[in-house]
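Residue indices begin at 1 and follow the sequence shown. This one's a predicted model, so the numbers in the text were calculated from it and none came from an experiment.
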Amino acid sequence: MTRHALVTGCSRGIGRAITEALLLDGWTVLGLSRTYPKGGMPGDFRWLHADLSTGYCVEHIGKSIPDGRFDALIHCAAEQGPVMPLVPYERRLTIDEIHAWHTTIKTNLISAYDVVRLCLPALRQSEDGRILIFAGGGAFNARQYHSAYAVAKAGVVSLMETLAPEEERVT
C-alpha cells in the first residue's frame with residue numbers, strides 16, 4: 001500500500017530534503033510551498049502553491065488529501081522573521097517591522113495549528129499516522145534579536161505537547 005505524506009516548505013532546505021527522501025522511498029507526497037521546487041522532484045509528487053502566512057490557502061489542503069488519508073504530516077515551512085530588538089530603545093517600530101513580526105508568528109505557529117487541524121482527520125485514517133513539526137533551537141534557548149521566531153517555535157512545542165495526550169486517547 002502506498003504511503004502518503006504532506007510536506008510543507010517542500011521547495012527548499014529541510015523540507016526539500018525530506019520530500020526527496022520520501023519520494024525515493026516510494027511515498028506519494030503532496031508538497032506545499034510558496035515556490036515550485038527548482039529542478040522538479042522524483043517519484044509521485046503533487047505540489048500546491050501555499051503561502052501559509054495567509055491562512056486562507058490552508059483550507060484548500062483538505063480538498064487535496066489523497067484517498068482521504070495521510071500517513072505523515074511534516075511541517076517544515078518557516079521563516080526567521082525580523083532580526084531586531086523586540087522593542088528598540090531609540091525609535092518606534094515601523095508598520096513594516098510590526099507586520100514582519102506578525103507574519104513570522106503566522107508562518108511558524110498559526111500555520112502549524114492550521115495544517116494539523118486540517119490534516120488530523122486524515123492522519124487518523126492511517127494505521128500509523130505521524131506528525132513531525134520542526135521547532136528549531138529558538139524554542140528552547142533565547143535568540144537575541146529573533147523574538148518572533150523564538151516565540152513562534154516555543155508555541156509549536158507547546159502545541160504538540162498539548163496535542164499528544166489528546167490523540168493518545170483516540171482509537
Side-chain angles (χ1 to χ4, degrees), residues 5-22 29-41 45-62 64-65 70 72-120 122-123 130-164 166-167:
L6 182 137
V7 180
T8 67
C10 68
S11 64
R12 297 188 332 215
I14 294 170
R16 182 178 182 112
I18 289 172
T19 299
E20 288 175 344
L22 289 170
V29 176
L30 173 60
L32 304 176
S33 60
R34 293 179 193 165
T35 58
Y36 189 80
K38 289 182 181 170
M41 288 285 184
F45 177 73
R46 290 188 312 138
W47 177 77
L48 289 177
H49 174 263
D51 179 350
L52 297 178
S53 71
T54 63
Y56 62 82
C57 70
V58 178
E59 298 299 327
H60 297 289
I61 295 168
S64 300
I65 296 174
F70 275 122
L73 164 60
I74 304 166
H75 184 56
C76 303
E79 61 181 66
Q80 287 292 314
V83 179
M84 56 180 276
L86 181 64
V87 179
Y89 282 98
E90 68 281 357
R91 65 180 179 79
R92 298 183 90 178
L93 291 170
T94 67
I95 295 298
D96 287 343
E97 289 169 331
I98 294 168
H99 177 74
W101 208 92
H102 289 189
T103 299
T104 302
I105 297 294
K106 289 176 188 174
T107 301
N108 295 341
L109 175 58
I110 304 302
S111 73
Y113 164 73
D114 284 340
V115 172
V116 167
R117 175 179 54 83
L118 288 167
C119 291
L120 202 51
L123 286 162
R130 302 292 172 143
I131 298 172
L132 174 62
I133 298 183
F134 287 86
F140 303 105
N141 300 308
R143 289 194 65 198
Q144 186 176 19
Y145 304 119
H146 290 82
S147 60
Y149 179 83
V151 166
K153 293 305 185 170
V156 164
V157 170
S158 184
L159 174 71
M160 298 315 294
E161 287 176 343
T162 301
L163 177 64
E166 292 176 8
E167 284 305 301

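If you take CG on Leu120 and CG on Leu73, they are separated by 9.0 Å, rounding to the nearest 0.5 Å. Taken to the nearest 0.5 Å, the CE atom of Met41 stands 4.0 Å off from the CZ atom of Arg16.
In this structure a side-chain-to-backbone donor-acceptor pair under 3.5 Å is missing from His99 to Glu97. The backbone N or O of Phe134 sits less than 3.5 Å from a side-chain atom of Lys153, completing a donor-acceptor pair.
Side-chain contact between Val29 and Arg46 is absent, with no heavy-atom pair separated by less than 4.5 Å. Residues Leu48 and Leu30 are in side-chain contact: their nearest non-hydrogen atoms beyond the backbone lie under 4.5 Å apart. The closest side-chain heavy-atom distance from Glu79 to Arg34 is below 4.5 Å. Taking the side chain as every heavy atom from C-beta outward, Leu163 and Leu159 never approach each other to under 4.5 Å. A heavy-atom distance below 4.5 Å is found between the side chains of Val116 and Ile133.
In the model, His75 has a side-chain atom that pairs as donor or acceptor with a side-chain atom of Ser111 under 3.5 Å.
Counting heavy atoms of neighbouring residues, nucleotides and ligands inside a 6.0 Å radius, atom OH of Tyr36 exceeds 12 of them. Shown here is Arg92, whose CZ atom has no more than 12 heavy atoms of other residues, nucleotides or ligands within 6.0 Å.
Nearest heavy atom pair, residue Thr8 against residue Cys76, reads OG1-N, 2.9 Å. Nearest heavy-atom pair across Ala152 and Asn108 is CB-CB, 3.5 Å. Residues Trp101 and Ser147 share a closest heavy-atom pair of NE1-OG, 2.8 Å. For Ala148 against Ile105, the heavy-atom pair with the smallest separation is O-CD1, 3.4 Å.
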